[in-house]
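Remarks on the structure that follows.
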Amino acid sequence: MARKTPEINSSSMADIAFLLLIFFLVSTTMDIDTGIYKKLPPIPEEEEIDAPKVKQRNVLAILVNRNDDLLVNGEVLSISQLREKTKEFILNPLNSADLPEKKLTTIPFFGDVMVSKGLVSLQNDRGTSYEMYIKVQDELAAASRELKDEKAMQKWNKKYADLNEEQQDAVRDYVPMQISEAEPKNVGGKK
């Protein structure tokens, strides 16, 4: 009499495979791409809205060409100099005639203070590298953050992020950082 070959019971293999699939789907993390937080302007109405008139001294014009060269108010700067230049522009500590005007404003917690009318205008060439674009954005954000931290430390001896909402609003009003980003141009030709 011939012997039968023993068989492995595979009826529960489909259940085990399904459970493993569910386990790996639940326990695996997915990479989530993050972007730059920007609040876009609302879609304009039917009628054209004229841009407000701004004096030249109140504008910090930042231009980045297709070679990733940085031009700030007609002066060639390196990316490492942009933060300090921006902070000096916004604060105008010596009330210089070539830096932004200031207006007297009443701000909660601070009282009557002189607030800058400065506006940062950023424009890139279409050939500007994404890396340079991000570096410029980072430096402008860092300048804003440092200015807010300085004012918060002077008043409350705390960093800006540690303040309550009312205090943060007051610091934002004291150190306004308005950034206007113009549509990229094709100045330098194709890269």
Side-chain angles (χ1 to χ4, degrees), residues 35-45 47-64 69-124 128 132-185:
I36 300 172
Y37 175 75
K38 288 287 180 187
K39 184 177 180 181
L40 297 175
I43 297 173
E45 299 293 324
E47 59 193 54
E48 292 276 330
I49 300 173
D50 292 332
K53 302 291 183 205
V54 179
K55 291 183 181 177
Q56 186 61 37
R57 74 177 269 193
N58 293 338
V59 177
L60 181 67
I62 301 172
L63 303 171
V64 185
D69 297 324
L70 190 64
L71 190 69
V72 180
N73 279 354
E75 178 184 354
V76 178
L77 292 182
S78 68
I79 193 73
S80 61
Q81 298 170 305
L82 181 59
R83 185 181 310 183
E84 289 305 315
K85 184 77 169 181
T86 304
K87 287 169 57 175
E88 177 189 8
F89 176 81
I90 295 298
L91 288 180
N92 189 5
L94 304 174
N95 290 325
S96 176
D98 59 336
L99 292 177
E101 299 172 309
K102 294 182 176 183
K103 63 180 176 184
L104 185 64
T105 308
T106 302
I107 298 176
F109 303 109
F110 292 99
D112 291 338
V113 292
M114 297 301 284
V115 176
S116 174
K117 291 183 177 182
L119 170 73
V120 177
S121 174
L122 173 62
Q123 186 164 31
N124 298 291
T128 302
M132 184 62 170
Y133 175 77
I134 295 298
K135 284 181 182 178
V136 170
Q137 290 285 345
D138 286 346
E139 288 300 312
L140 293 176
S144 175
R145 191 172 44 251
E146 286 179 14
L147 288 172
K148 290 173 184 172
D149 280 343
E150 286 173 16
K151 293 300 177 189
M153 289 299 278
Q154 286 174 1
K155 184 69 177 175
W156 294 284
N157 208 23
K158 293 181 186 177
K159 289 203 171 229
Y160 174 77
D162 298 331
L163 301 177
N164 66 38
E165 192 174 330
E166 290 176 343
Q167 293 169 331
Q168 285 182 350
D169 288 343
V171 171
R172 263 195 311 273
D173 290 343
Y174 195 171
V175 188
M177 186 70 163
Q178 300 178 55
I179 300 176
S180 167
E181 195 165 343
E183 188 171 328
K185 289 188 176 179

Side chain to side chain, Gln123 and Leu63, heavy atoms closer than 4.5 Å: yes
For residues Arg172 and Tyr160, determine if any side-chain heavy atom of one lies less than 4.5 Å from a side-chain heavy atom of the other. yes
When rounded to the nearest 0.5 Å, the distance separating CZ of Arg145 from CG of Asp138 is 8.0 Å
Residue pair Ser116 / Asn92, side-chain heavy-atom distance below 4.5 Å: no
Would the distance check show the side chain of Asp149 and the main-chain N or O of Lys159 forming a donor-acceptor pair, the cut-off being under 3.5 Å? no
Check whether any side-chain heavy atom of Thr86 sits under 4.5 Å from a side-chain heavy atom of Met177, and report yes or no. yes
Counting distance only, does the side-chain N/O of Thr128 pair as donor-acceptor with the main-chain N or O of Tyr133 below 3.5 Å? no
Check Phe109 against Ala170 and note the closest heavy-atom contact, atom names and distance. CD1-CB, 3.8 Å
In short, Met114 meets Tyr174 closest at the heavy-atom pair O-CE2, 4.0 Å
Using side-chain heavy atoms (C-beta onward) and a distance below 4.5 Å, is Val136 in contact with Leu70? yes
Looking at side-chain heavy atoms only, is the closest gap between Val171 and Trp156 below 4.5 Å? yes
Contact summary for Lys155 and Phe110, nearest pair of heavy atoms: CB-CE2, 3.8 Å
Decide yes or no for Val120 and Ile62: does some side-chain heavy atom of the first lie under 4.5 Å from some side-chain heavy atom of the second? yes
Leu122 side chain near Gln137 side chain, heavy-atom distance below 4.5 Å: yes
Donor-acceptor pair, side chain of Lys102 and main chain of Leu91, under 3.5 angstrom: yes
Answer yes or no: is there a donor N or O on one side and an acceptor on the other, between the side chain of Asn58 and the main chain of Lys117, under 3.5 Å? no
Could you give all pairs that pass the salt bridge (Lys or Arg N to Asp or Glu O under 4.0 Å) test and reach residues 85-95, with sequence neighbours left out? Glu75-Lys85, Glu84-Lys87, Lys87-Glu146, Lys87-Glu150
Under a 3.5 Å distance rule, please check whether Glu139 uses its side chain to pair with a backbone N or O of Ser80 as donor and acceptor. no
In terms of heavy-atom contacts, Ser180 and Leu119 come closest through CB-CD1, 4.1 Å
Looking at Asp173, is its backbone amide N or carbonyl O close enough to the side chain of Asp169 to form a donor-acceptor pair, meaning the two atoms are under 3.5 Å apart? no
CA sep, side-chain torsions, deciding dist, call: Met132, Asn124, side chain to side chain contact (heavy atoms under 4.5 Å, CB included): CA-CA 10 Å; Met132 184 62 170; Asn124 298 291; over 6 Å; no
